Amino acid sequence: MEKNKKILVTSALPYANGPLHIGHIAGAYLPADIYVRYNRLKGNDVVYICGSDEHGVAITIRAEQDGVKPTDIIDRFHELNKKSFVRFGISFDNYSRTSRPVHHETAKEFFKDIYDKNILKKKKEKQFYDENASMFLPDRYVEGTCPVCKNQGARGDQCEKCGSDLDQTELINPISKLTGETPVLKETSHWYFPLGDFQGKLKDYLDRHPEWKENVRNYCYGWLKQGLRDRAVTRDLSWGIPVPLDGADGKVIYVWFEAVLGYISATKEWAKQVGQPDRWKDYWQNPECKLVNFIGKDNIVFHAVMFPAILMAKGDYILPENVPANEFLNLEGQKISTSRNFAIWLDDYLDRFPPDPLRYMLAANAPENKDSDFSWKDFQTRNNSELVGILGNFVNRSMTFLAKNFDNTVPPATDLDEMDRELLKRIATAPQSVSDALEKFEVRRALKAFMDVARDANKYFNDKEPWHMVKTDKVKCGVTMNMCIQISRTLAILMVPFMPYSAEKLWKLLNLNGDAAGQNWATAGEPKVAAGHKLNPPEILFTKIEDGVIEAEMARLNDSQKKPESDGKKEKTGKSNLISFDEFKNVDLRIAKVLSAEKVEKADKLLRLEVEVGEEKRQIIAGLAQKFSAEDLVGKRVVIVANLKPAKIRGLESQGMLLAAEDANGEMSLVTVENEIATGAKVK
RNA sequence: GGCGGUGUAGCUCAGUUGGCUAGAGCAGCGGAAUCAUAAUCCGCGAGUCCGGGGUUCGAGUCCCUGCACCGCUACCA
């Protein structure tokens, strides 16, 4: 038996700008929780860490849209998500948040330390500073006269008229788009993390972990092959962790660098909570400790390349031992979409169903090797035929049999026959069969191994036919029932990682001491229930889900999908957004005929169109390629915005914009006209 | 467009370093049983292993290529 191992498990920090759905859960949380609960049963010293990721632009944008402060957004979703996790039985030891002081300090310490080691590269550049807004202006927020063609509306990154790539400092008569004031040129610095310098070490690190999932490894090798580039670790933003250096006012640490450190700060916070403030070091700075980061596939590069690089730069920290990344979960054959509200939200689910059936479903169908699919029909089937039919039924038939014929008391197991001995062997090997899979993070296989125990139990019950024996040989029948209770106890313990609530319920029904989660995995396969032990009256473990309930859920899913982002839209059409006729008049809409269309090379979505507008011919670059082919467009009369400032896209000048409608599902339709009206005609 | 992944029975998915007649669960069909939430147990699969080439004594498993889908990334006036 291995000795107590120290294991630090993390799940990706959910971004606190929205609620959690089942896709999140299936990827990074449930598999981790199963792994954690299993290791606790094994007696390992596990700490399970997570928290809300609360910085970054997306939060400020959402706050601006909703007309609230960033803290309002993060407070709301932090609390909501934290509560959902608890209800679902995700057993974090600490669920922190990156807005906490401990995290700010940790992130600053890392930044400062890496800076002090002269690892960060400072790149000086002159940038415009708006003194009224008290901030440096990103290129796009500066306008002025183009030094090449003298066009007055040139932007800081390029001139739309002549297509020249510009540096903002080249502009003549620059103006801040924020305030309309003339910005001053100030020297500013950005710090870059030289990922490339860690290329060799990262390669060695990857080479040392051939046991990682193939998708993770290949993905990382792909990045390495391309060569790692310097990556900025500072940004000019007001929301985030201030850069802890002099002269870095108005700069924050870039989220990619800081968020992953949330695992460390959350561990520190936990250590304080348990009254041993230094204990986090036993994990993060202990080479004997095994760090496992559970994530979704979208997060691979941050956890398997960048996070290790940061830890290497800092030194004295352990690196992830494994990064089990799951693929994505689809819903009813389609992608889950938060913007379309096509999802099953966790808190929503928990309002109507118990956690365990979903835990079971998501574990049985976890997207381990490829994207997998969740459907309500499947959910019903899994619940009814597997949980109710196989697992629940076995326990129930055993317990009601004992209640009726043995006064709820476990009979002695004297005089075992061959079949009984086989069953005991089966019980004895059950924990190992589940562990084998869990040690390799193969949750699906583990769950199947668990269910196979229940299947075998049913078979044993059937083959023994105790309902006949009870009339002919009650002692022998008693042996059978003793076996059934032994295996029920084993099932209760093995069930803990997957379905903790039902495991405890079963444990109580069996009237055993303590709780199921407090048992030892190593002895789960031993027949420990004594003869004469009194059981509690039988109760149903899992309830059947009727067709009507599932139909209602499917209808909900469809209904909710029809009205996307309701509040956002209401505001946009509200009074404050009304424009005057004069404003509308400024937009010059014209009829144009598409003469030719072709795909822009090396761009998936772009089409280069030539259109006729009256006498004039124009080139328009439009992001339509995914919905329309050249044939769809050539010859069509469309509406264009004729007086839009030209812009360079992919090196091609776009002289106008083609109008098309796009709905919430991403379906598009061109705006066209009924008759063969002359091109160049004004639309009003 | 670049990088990575996936495409196996009606459905959801396994298939380890290439090797015996390609598997599981569910659904379906037939049977047994009736202790149990009409729950269980046994038996039944003529699948172009996405298409096309190739390597090999032998390929779902390796190589090339085409198609489809997913993720990251670039670009969507």
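Chain letters run A, B, ... following the sequence lines, proteins first and then strands; every chain starts at 1. Keep in mind that this is a model prediction, so the values were computed, not measured.
The partner of B:G60 is absent, by the rule that a Watson-Crick or G-U pair needs both atom distances under 3.5 Å. Remark: B:G71 base-pairs with B:C3; criterion is Watson-Crick or G-U wobble with both hydrogen-bond distances under 3.5 Å. Using the Watson-Crick or G-U wobble rule with both distances under 3.5 Å, B:G25 pairs with B:C11. Nucleotide B:G18 has no partner under the Watson-Crick or G-U criteria, as no pair reaches both atom distances under 3.5 Å. The base-pairing partner of B:A33, taking Watson-Crick or G-U wobble contacts with both distances under 3.5 Å, does not exist among the strands shown.
Remark: ring of A:Trp467 stacked against base of B:C35; centroid gap under 5.5 Å, plane tilt under 30°.
If you check B:U37, B:A39, B:U34 against the side chain of A:Asn393, the one that comes closest is B:A39. Nearest nucleotide to the A:Asn458 side chain, out of B:U40, B:C35, B:U37: B:U40.
In this structure, the CZ atom of A:Phe394 is 12 Å from the C1' atom of B:C35, given to the nearest Å. Atom-to-atom, CZ of A:Arg445 to P of B:U16 comes out at 12 Å; the value is rounded to the nearest Å.
Of the side-chain N and O atoms in A:Asn369, none sit less than 4.0 angstrom from OP1 or OP2 of B:C13.
Note: A:Tyr219 and A:Trp223 have tilted aromatic rings, judged against thresholds of 30 and 60 degrees for the angle between ring planes.
Nearest-nucleotide mapping onto RNA chain B: of A:Asn365 and A:Tyr219, the residue sitting toward the 5' end is A:Asn365. If A:Phe461 and A:Lys335 are placed on RNA chain B by their nearest nucleotide, the residue sitting closer to the 5' end is A:Phe461.
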